[in-house]
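A note on names: the letters A, B, ... follow the listed sequences, proteins ahead of strands, and every chain is numbered from 1.
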Amino acid sequence: MIECKNLSKVFNQFTAVDDLSFVANKGEVLGFLGPNGAGKSTTMKMITGFLQPTSGEIKVCGIDLFSDPIAVKNKIGYLPEGAPSYDEMKVCDFLIFIAQMRGIPKEMIATKVDEVIERINLNKVYYQRIETLSKGYKRRVGLAQAIIHNPEVLVMDEPTDGLDPNQKHDVRELITSMAKEKTIIISTHILEEVHAVCDRAIIIANGKIVADNTPAELENMSKYHNAVTFDATIDFSLLEEIKAMGCVRDVEYDAKRKKTTVFPAQSIYIFDEISAFLKKHKISVTRLSMEAGRLDEVFRNVTLDDVKEVA
Amino acid sequence: MSAKMAIIKRELQGYFSTPIAYVFIVIFLMLSGVFAFYLGGLYERGQADLSPFFTFHPWLYLFLVPAVSMRMWSEERRSGNIELLMTLPVKQSDLVLGKFLSAWIFVAIALFLTFPIWISINYLGEPDNGLIFASYLGSLLLAGAFLAIGSCISVASKNQVIAFILTAVICFLFLLAGLPMVLDFFNAWLPQFLVDTIASMSFLTHYISINKGVLDLGDMLYFLMVISVWLYATSLVLDMKKAD
């Protein structure tokens with residue numbers, strides 16, 4: 001469990017993190033979303049004890065970070081941005097070094113390293129120097145380093161950044177597989193990732209929390225929530241008729257792709273009404289679907305709003 | 001294995017897995033030999049001692065030690081590994097000490113590899129081996145002081161070239177603090193007692209006095225104190241600089 005209370009970080013005059021408060025519980029994957037420079041990494045660096053906050057409180061598993069930083073660092077596994085490691089070392093030597101630094105007893109080190117190698121699938125590169133590895137493997141070494149001591153809390157800064165789709169999938173599966181017994185925070189600006197792994201997402205902009213919801217709730221905030229889309233050749237008069245329906249707020253028509261989007265009033269469920277309407281007028285539709293909402297649209301809205309406010 | 005030992009081991013492996021270690025050792029051995037025999041006239045003097053050999057160590061260290069220390073921290077900061085290191089459950093003092101000690105051990109290895117000259121002098125005559133031992137100790141302490149300065153500069157600068165040059169310059173000032181060329185500069189505007197203080201800080205004065213075989217506790221403590229002060233400064237600068 002991670003508790004942050006009124007966390008702030010000021011660099012010179014620049015406020016990177018501004019009065020952030022949140023709690024991440026065990027069994028939860030919390031996603032930090034936000035534009036670049038929003039303060040995601042800075043917050044993570046403070047939780048992991050790398051940076052000293054200007055003000056505020058951090059507790060990890062009930063332990064106060066500032067009264068016992070070593071105990072807190074013991075509980076955390078951290079994958080810094082870009083997954084740094086010692087390039088000139090072999091994968092096995094690097095993991096052994098981390099195990100030693102983490103105070104894992106000598107007789108346990110070999111087992112722990114083997115376990116993590118197995119889990120992250122690093123068998124093939126066991127004796128290879130890290131500098132010779134591909135980006136995907138390097139990232140995996142970073143992950144292995146973060147979970148070698150089976151930490152209760154896992155903090156990962158952009159764990160899938162720069163990986164190919166297969167590697168992204170692997171990393172997400174790994175995160176999901178560990179989610180039950182750990183508290184996990186990941187930062188990302190890939191919105192599909194929020195759906196794929198996060199139970200909850202916090203959107204940060206300019207150092208402030210602008211949204212804190214489940215991915216589904218975030219989608220509800222979208223104007224596309226419960227919007228109905230269909231592909232068909234349709235007269236403008238009929239579009240006007242749809243627009244005039246009581247449950248419809250607006251209609252968008254994309255002439256090029258013959259795609260119509262109907263936005264409901266107050267995000268209510270209008271799928272039945274629209275499909276009945278289309279049936280009544282005998283319009284042949286090639287596709288008819290309802291949208292859950294678009295995260296990227298919500299993301300843009302909440303983060304841009306904030307920029308305007310500041311300006 | 002304690003964290004400090006793990007760091008020392010890793011750092012030493014780091015030196016030897018890059019060409020730095022071999023270049024350093026080869027150049028140090030070659031130059032220390034060349035200086036002792038050609039400039040110091042070790043052989044022609046006809047005396048069974050190693051003082052021509054040790055006389056040139058400060059000058060060798062002046063440009064070789066910064067080459068070892070320059071990457072100590074700046075490389076970690078550049079690569080982002082510093083974030084990894086400092087979020088491990090390890091005390092910061094262990095990190096600073098571990099890195100310093102590994103560099104010191106590395107220089108000690110290079111120094112140890114000069115043993116053929118000691119064997120030669122024992123073959124040629126009957127030198128005072130106690131004096132030679134003291135001189136080796138003095139040389140090692142001097143290298144330690146240089147390394148501690150280098151550690152602090154390396155943590156302050158991400159750029160290794162700047163770290164190298166600054167370290168060399170600061171070491172040079174400390175080395176020569178007792179000589180007129182430095183003291184004359186201060187004489188003009190500092191009160192006498194401060195000038196005396198600066199003079200007493202000279203590495204060269206303390207080094208020479210150890211080399212004469214006067215194993216004064218004060219000289220040794222002086223170097224150990226310099227090392228502690230600069231390592232403490234390293235830790236302070238690390239706190240300030242680690243984030244940028």
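Only the backbone of B:Ser79 comes within contact range of chain A, judged by heavy atoms closer than 4.5 Å. Neither the backbone nor the side chain of B:Glu75 comes within less than 4.5 Å of any heavy atom of chain A. Using a 4.5 Å cut-off between heavy atoms, B:Lys4 makes no contact with chain A at all. Neither the backbone nor the side chain of A:Gln52 comes within contact range of chain B; no heavy atom of the residue lies under 4.5 Å from a heavy atom of that chain. Of the two parts of B:Ile82, the backbone and the side chain both hold a non-hydrogen atom closer than 4.5 Å to a non-hydrogen atom of chain A. Only the side chain of A:Lys45 comes within less than 4.5 Å of a heavy atom in chain B; its backbone stays farther off. With a 4.5 Å cut-off on non-hydrogen atoms, A:Tyr86 touches chain B through its backbone and its side chain both.
For the pair A:Pro84 and B:Gly80, the tightest heavy-atom approach, listed with the atom from each and the gap, is CG-O, 3.4 Å. The two atoms that bring B:Ser17 and A:Glu88 nearest to each other are OG-CG, 3.1 Å, heavy atoms only. B:Met86 and A:Phe50 make their closest contact through CB-CD1, 3.7 Å (heavy atoms, listed as atom of the first residue, atom of the second, distance). Of all heavy-atom pairs between B:Asn81 and A:Ser85, the closest is OD1-N, 3.1 Å.
Ranking A:Val72, A:Asn74, A:Asp87, A:Leu79 against chain B, the residue ahead of the rest is A:Asn74, based on heavy-atom pairs under 4.5 Å. With chain A as partner, the option from B:Thr87, B:Leu85, B:Val90 having the largest number of non-hydrogen pairs under 4.5 angstrom is B:Thr87. Ranked by heavy-atom pairs shorter than 4.5 Å toward chain B, the options A:Arg129, A:His149, A:Arg102 are led by A:Arg102. Of the listed residues (B:Asp94, B:Asp239, B:Thr18, B:Ile7), the one with the most heavy-atom contacts under 4.5 Å to chain A is B:Ile7.
Counting heavy atoms of neighbouring residues, nucleotides and ligands inside a 6.0 Å radius, atom OH of B:Tyr232 does not exceed 12 of them. Within 6.0 Å of CZ in B:Phe133 there are 12 or fewer heavy atoms belonging to other residues, nucleotides or ligands. In A:Phe11, the CZ atom is crowded: over 12 heavy atoms of neighbouring residues, nucleotides or ligands sit closer than 6.0 Å. Within a 6.0 Å radius of CD in A:Glu118, other residues, nucleotides and ligands contribute 12 heavy atoms or fewer. Crowding of A:Lys26 atom NZ: a count of heavy atoms from other residues, nucleotides or ligands under 6.0 Å not exceeding 12.
Contact check for A:Thr48 versus B:Glu83: no side-chain heavy atoms found under the 4.5 Å cut-off. You'll find the side chain of B:Leu88 stays beyond 4.5 Å of the side chain of A:Lys73, heavy atoms only. Residues B:Lys9 and A:Gln100 meet the side-chain proximity criterion, which asks for heavy atoms closer than 4.5 Å.
Between the CG atom of B:Leu84 and the CZ atom of A:Phe94 there is a distance of 5.0 Å, given to the nearest 0.5 Å.
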